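Written out below as structure tokens is the structure these notes cover.
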Amino acid sequence: MREGHKGTGPGAITPDGCAVELYSRLPIGDEPDIIAAAVPAGAHILELGSGVGRMTHPLLERGFTVTAVDESAEMLERVRGARTICSPIEDLDLGEKFEVVMLASFLVHAGDAEVRRGLLRTCARHLAEDGRVLIQREGADYHTNLPRERVGPGGATIRLVSSEPVGDGVNSVRAEYEFPDAVWTQTFLARPLTPEQFEEALGEAGLKVDRYLTEDEVWVRAVGG
């Protein structure tokens with residue numbers, strides 16, 4: 001388990017506190033459409049942090065080729081139709097270049113700044129000369145107005161319970177997922193980043209913002225700097 005991360009509930013729990021069975025149940029939103037509109041049709045996507053394939057499978061259905069990377073073998077067992085690689089993202093070096101590299105799930109907000117730098121260096125290392133990096137950022141209010149909850153498909157209640165400072169600009173975040181037949185929790189470390197801090201972090205890795213893809217600026221397309 002990564003320091004500051006933990007998870008509870010039925011089934012396997014990954015090093016960052018994610019429950020494999022939980023993520024197999026959670027639906028995907030409009031993210032695949034956002035991605036498809038921002039990259040060339042049929043591109044080969046390096047998906048960093050694929051999990052069980054919630055994003056992978058809709059992208060395959062849209063005609064993309066996907067190489068799915070995750071540090072959890074249990075997560076990757078659920079992925080179908082894609083090449084899979086089990087590795088921590090920050091350590092990955094495939095010796096290959098990709099038209100599209102994707103870092104979703106707010107991973108860019110890793111509490112450990114060195115891990116974040118490693119994630120972004122991995123993005124840059126695998127990016128083709130004219131390639132694009134797609135990154136999912138936290139929303140502006142992610143750590144405020146808590147607790148808050150929403151009811152998802154299937155009657156699941158998804159609750160962001162708390163976000164408490166633990167020092168050095170890092171928060172400990174607790175989330176709960178309550179289904180009719182099971183409950184999971186996840187605690188993880190996240191570092192809020194202002195747009196300026198986010199763009200500075202990209203610059204450290206030799207990347208720069210091409211454009212923000214959504215009105216809330218959660219999805220970003222970056223290119224080599």
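Owing to the predicted nature of the structure, the values given are computational and were not obtained by experimental measurement.
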Atom pair CD/CZ of Glu47 and Arg54 - distance to nearest 0.5 Å:
10.5 Å
pair His57-Val52: side-chain heavy atoms closer than 4.5 Å
no
Main chain of Pro58, side chain of Arg62: is a donor-acceptor contact present, judged purely on distance under 3.5 Å?
yes
Is it true that Asp112 and Arg191 make a salt bridge, defined as a side-chain N closer than 4.0 Å to a carboxylate O?
no
Give a yes/no verdict on a cation-pi contact between Arg25 and Phe179, requiring under 6.0 Å between NZ or CZ and the six-membered ring centre and an angle within 45° of the axis.
yes
Are Arg137 and Phe198 in a cation-pi setup, meaning NZ or CZ lies under 6.0 angstrom from the ring centre and within 45 degrees of the ring axis?
yes
Distance in Å, Glu71 CD paired with Cys18 SG, rounded so as to fall on 0.5 Å steps:
9.0 Å
Could you go through the side chain to side chain donor-acceptor pair (under 3.5 Å) check for Glu138 and His143 one step at a time?
CA-CA 9 Å; Glu138 292 175 347; His143 294 271; 2.9 Å; yes
Should we count NZ of Lys208 as having more than 12 external heavy atoms under 6.0 Å?
no
Glu90 and salt bridge (charged side-chain N to carboxylate O under 4.0 Å, His left out): which single residue from Arg2, Arg117, Arg116 fits?
Arg2
To the nearest 0.5 Å, how far apart are CD in Gln136 and CZ in Phe106?
4.0 Å
Assess the side chains of Ser162 and Glu164: does a donor N or O sit below 3.5 Å from an acceptor N or O?
no
